[in-house]
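Take a look at the structure set out below.
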Amino acid sequence: LTSKPFGVNLTILPAINPPDYEGYAKAIIESGVKIVETAGNNPKKWVGMFKAAGLISIHKATTIRHALSAEKIGVDVISVDAFECAGHPGEGDIGGM
């Protein structure tokens, strides 16, 4: 693919029959990805795995409360998406600008 570091996103959504998030996380680690962004739900379970493997962990938050929680569990970077986000912006309807 490339000799340069690159990142991937693991969006963790609640579901009745969730996909194999643990398998996805293991594949991310085993494939040599250096940066992973989580989004959609509390990343606590996954951040520990990623940090133990030496990955940089980013979490996408849509509220200050979620950003502070992500900071407490040890993510390296917090990305805050507000109402202008192209994807699901959360339910706070708070603008980033």
Side-chain angles (χ1 to χ4, degrees):
L1 292 168
T2 179
S3 61
K4 306 289 184 192
F6 65 94
V8 298
N9 175 279
L10 178 63
T11 299
I12 310 155
L13 298 174
I16 293 172
N17 296 311
D20 182 13
Y21 290 126
E22 187 153 353
Y24 292 163
K26 288 178 182 177
I28 289 168
I29 292 166
E30 292 169 2
S31 66
V33 170
K34 301 296 182 198
I35 304 164
V36 62
E37 177 194 56
T38 55
N41 211 330
N42 187 328
K44 184 176 183 177
K45 179 177 181 178
W46 316 111
V47 169
M49 289 176 67
F50 296 141
K51 301 272 291 176
L55 278 69
I56 295 171
S57 177
I58 302 169
H59 184 67
K60 187 184 300 179
T62 59
T63 67
I64 300 280
R65 178 174 61 100
H66 295 145
L68 291 172
S69 293
E71 178 186 36
K72 286 180 187 173
I73 63 171
V75 300
D76 298 301
V77 178
I78 297 169
S79 170
V80 179
D81 285 351
F83 191 67
E84 302 87 0
C85 176
H88 188 281
E91 298 183 14
D93 292 346
I94 298 170
M97 299 292 189

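Note that the numbering runs from 1 along the sequence shown for the chain. In this text the structure is predicted, and so the values were computed from the model without any measurement.
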- Task: Tell me, please, which residues at least two apart from S57 pass side chain to side chain donor-acceptor pair (under 3.5 Å).
- Result: none

- Query: How would you list, by chain and number, every residue that makes a side-chain contact (heavy atoms from CB on, under 4.5 Å) with V77, sequence neighbours excluded?
  - Reply: I58

Group every Ile, Leu, Val, Met, Phe, Trp and Tyr by side-chain heavy-atom contacts under 4.5 Å, then state whether [X] and [Y] land in the same group.
| X | Y | answer |
| --- | --- | --- |
| V8 | Y21 | yes |
| F50 | I35 | no |
| L13 | L10 | yes |
| V33 | I56 | no |
| I12 | I28 | yes |

- Message: Using modelled atom types and a 3.5 Å cut-off, is there a donor and acceptor pairing between side-chain atoms of H59 and backbone atoms of I78?
- Response: no

- Over 12 foreign heavy atoms within 6.0 Å of NZ, K44: no

- Exceeds 12 heavy-atom contacts within 6.0 angstrom, atom CD1 of I64: no

- Quick one: CG on D81 to NE2 on H66, what's the gap to the nearest 0.5 Å? 13.0 Å

What's the shortest heavy-atom distance between [X] and [Y], and which atoms?
| X | Y | result |
| --- | --- | --- |
| V47 | V75 | CG2-CG1, 3.6 Å |
| I29 | A53 | CG2-CB, 3.6 Å |
| N9 | E37 | ND2-OE1, 2.5 Å |
| A61 | A67 | CB-N, 3.7 Å |
| G40 | P14 | O-CD, 4.5 Å |

